[in-house]
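Basis for what follows: all heavy atoms, side chains included, without hydrogens, waters or symmetry-related copies. Given the structure is predicted, the values throughout are model-derived calculations rather than measurements. As the structure lists them, so they are numbered: ligands from 1, and atoms in each ligand from 1. Throughout, numbering of the chain's residues begins at 1 and tracks the sequence.
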Amino acid sequence: MLEQLETMLQEAVAELNAVTTSDALREWELKTLGKNGAVTRMMRGVGSLPAEQRAAFGKRANEVKAALTEGYAEREQLIKAQELARDLESGQIDVTLPGRPASLGGLHPSTQTLRRYREIWAEMGFQVYRSREVEDDDTNFTLLNMPPHHPARDMQDTFYTTTPNVILRTHTSPGQIRAMREFGKGGTEPIRIILPGMCYRFEQITTRSEIQFHQVEGLAVGRGIRMTDLKGTIAEFARRMYGDKAQVRFRASYFPFTEPSIEVDVECFLCGGKGCRVCKYAGWLEISGAGMVHPTVLRNGGYDPAEWSGFAFGMGPERVTMLLHDINDIRYFWSNDLRFLEQF
Ligand code: DAH
């Protein structure tokens, strides 16, 4: 029995020295020192020994148990230290490596154009007025001199809502009425503003037309404002936007809310007026509708048209952006395709 005990000790020590992982160590412990382990089994066998051998065996067995327990503790420490060193090594961070660059967002091409417009108009003394995108039918049409059955309403297919009289604005012009009523102080104060923002039309989406688009409306109201003020202001805007030499021309047109009404062309900034694919060989690009504010509209804004006059204009920044960047499909603007957006 005593011999068996010594053999068991030698084997257990050899096995323990071969253990290199926590898992293997736990297995060794169960097998050797556990409730049904080798040491316990030996100690249980003490009863089958002749009485005179029992004391010596018991003493030795206790020594063996103590030695193995101590060996186990040492081994455990060693393995823990090794495993920690290994983890530190594999999880090591090389702080000298260059970091991954954070990807920055960019400004949408429309936003870039809108900001340029705003800058130029601000330099020319025009403040920004943000009017609402959800409008009422009256303000969007009727107060702009388009009564319910006016044929001009056909030009603007409208998104109606389930609430009677509530629509999405089809142009930024209704903001004229709101601004005149808010800032005109009952038709006693002059106004000089631009009204940028999104507009909505229930249209067939094609390469050239979308159901949403920006407009930049302009409005100046004062005493003695004349058509020449409109022409000079627009011409100055064109020079600042398209370059010192930019030429503009004015064509007679019709809008219900202006009288007289005009459309403004700028000499094609891509071919210098010689004619190219972009200007369809006309040499001119349309940049704005405009006109003198119709007396009815002035009156609806609270002004007495006998004393006050004004000019207004409406521009489409998406069209300009398309021309500037040679974009041939307006649907790219709101499709949120990064391959398109990242080019700007
Ligand atoms: N509201 C017009 C449209 O959506 C654009 C426009 C034309 C605005 C002439 C104006 C203007 O202020 O004077 O087509």
Side-chain angles (χ1 to χ4, degrees), residues 114 117 121 126-133 135 137-147 150-159 167-180 184 191-203 208-222 225-235 237-238 248-266 285-298 300-301 303 305 308-320 330:
L114 280 166
Y117 273 43
W121 286 112
F126 285 73
Q127 275 184 295
V128 171
Y129 179 77
R130 294 207 169 277
S131 190
R132 61 187 67 185
E133 292 178 23
E135 260 301 355
D137 189 276
D138 282 350
T139 316
N140 194 82
F141 295 119
T142 314
L143 297 173
L144 289 170
N145 202 28
M146 282 184 268
H150 195 288
R153 285 193 175 202
D154 282 354
M155 288 156 44
Q156 316 203 321
D157 293 302
T158 309
F159 280 110
I167 63 166
L168 298 185
R169 67 176 173 193
T170 59
H171 53 173
T172 43
S173 303
Q176 289 190 31
I177 299 289
R178 297 196 178 275
M180 283 191 276
I191 290 179
R192 193 161 55 188
I193 53 169
I194 56 166
L195 307 94
M198 194 63 90
C199 303
Y200 304 87
R201 287 189 200 170
F202 189 33
E203 289 195 83
R208 311 219 73 210
S209 65
E210 250 290 4
I211 57 171
Q212 64 178 96
F213 53 89
H214 285 103
Q215 280 191 346
V216 177
E217 188 90 8
L219 174 70
V221 178
I225 291 185
R226 299 183 301 180
M227 189 80 176
T228 45
D229 297 311
L230 170 60
K231 290 173 75 174
T233 304
I234 296 260
F237 168 80
V248 287
R249 74 175 183 187
F250 304 90
R251 289 178 285 110
S253 186
Y254 172 76
F255 299 102
F257 30 87
T258 45
E259 179 58 36
S261 303
I262 57 172
E263 274 169 300
V264 185
D265 299 335
V266 64
L285 297 167
E286 190 191 317
I287 57 163
S288 184
M292 300 307 290
V293 182
H294 195 285
T296 302
V297 175
L298 280 173
N300 290 337
Y303 290 90
W308 296 81
S309 57
F311 64 73
F313 54 83
M315 301 181 168
E318 265 80 62
R319 249 183 64 78
V320 174
I330 198 171

_Using ring centroids (six-membered ring only for Trp), state whether F202 and F159 fall under 6.0 Å._
yes

*asked:* If you take the centroid of each ring, where Trp contributes its six-membered ring, are F257 and H171 closer together than 6.0 Å?
replied: yes

*Using the side chain to side chain contact (heavy atoms under 4.5 Å, CB included) rule, pick out the option among L219, T139, L298, N300 that qualifies with Q176.*
L219

Can you report which non-hydrogen protein atom sits closest to [atom], along with the distance?
atom: atom 2 (C) of ligand 1; value: F257 CZ, 3.7 Å
atom: atom 5 (C) of ligand 1; value: G314 CA, 4.2 Å
atom: atom 14 (O) of ligand 1; value: R201 NH2, 3.8 Å
atom: atom 12 (O) of ligand 1; value: E217 OE2, 2.6 Å

*Consider every N or O of A312 and every N or O of ligand 1, then say whether any pair is closer than 3.5 Å.*
yes

*Output yes when the distance from some N or O of ligand 1 to some N or O of F313 is under 3.5 Å, and no in every other case.*
yes

*Given that the side chain starts at C-beta and the backbone is N, CA, C, O, which of these parts of A290 lies under 4.0 Å from ligand 1, counting heavy atoms, or is it both or neither?*
backbone

_Atom pair OG (S173) and CG (L143), whose distance is rounded to the nearest 0.5 Å_ = 12.5 Å

*Could you tell me which residues satisfy ring-ring contact (aromatic ring centres under 6.0 Å, His included) with F237, sequence neighbours excluded, listed by chain and number?*
Y117, W121

Numbered atoms of ligand 1 (with element) below 4.0 Å of [X], judged on heavy atoms:
X: G291; result: 13 (O)
X: Q176; result: 12 (O)
X: S173; result: 1 (N), 8 (C)
X: T258; result: 13 (O)

*Note: E203-R208 ion pair, threshold 4.0 Å (strictly below)*: no

*For residues V216 and L195, determine if any side-chain heavy atom of one lies less than 4.5 Å from a side-chain heavy atom of the other.*
no

*Side chain to side chain, R251 and I262, heavy atoms closer than 4.5 Å*: no

*Please work out which of E259, R169, Q215 has its closest non-hydrogen atom nearest to atom 3 (C) of ligand 1.*
Q215

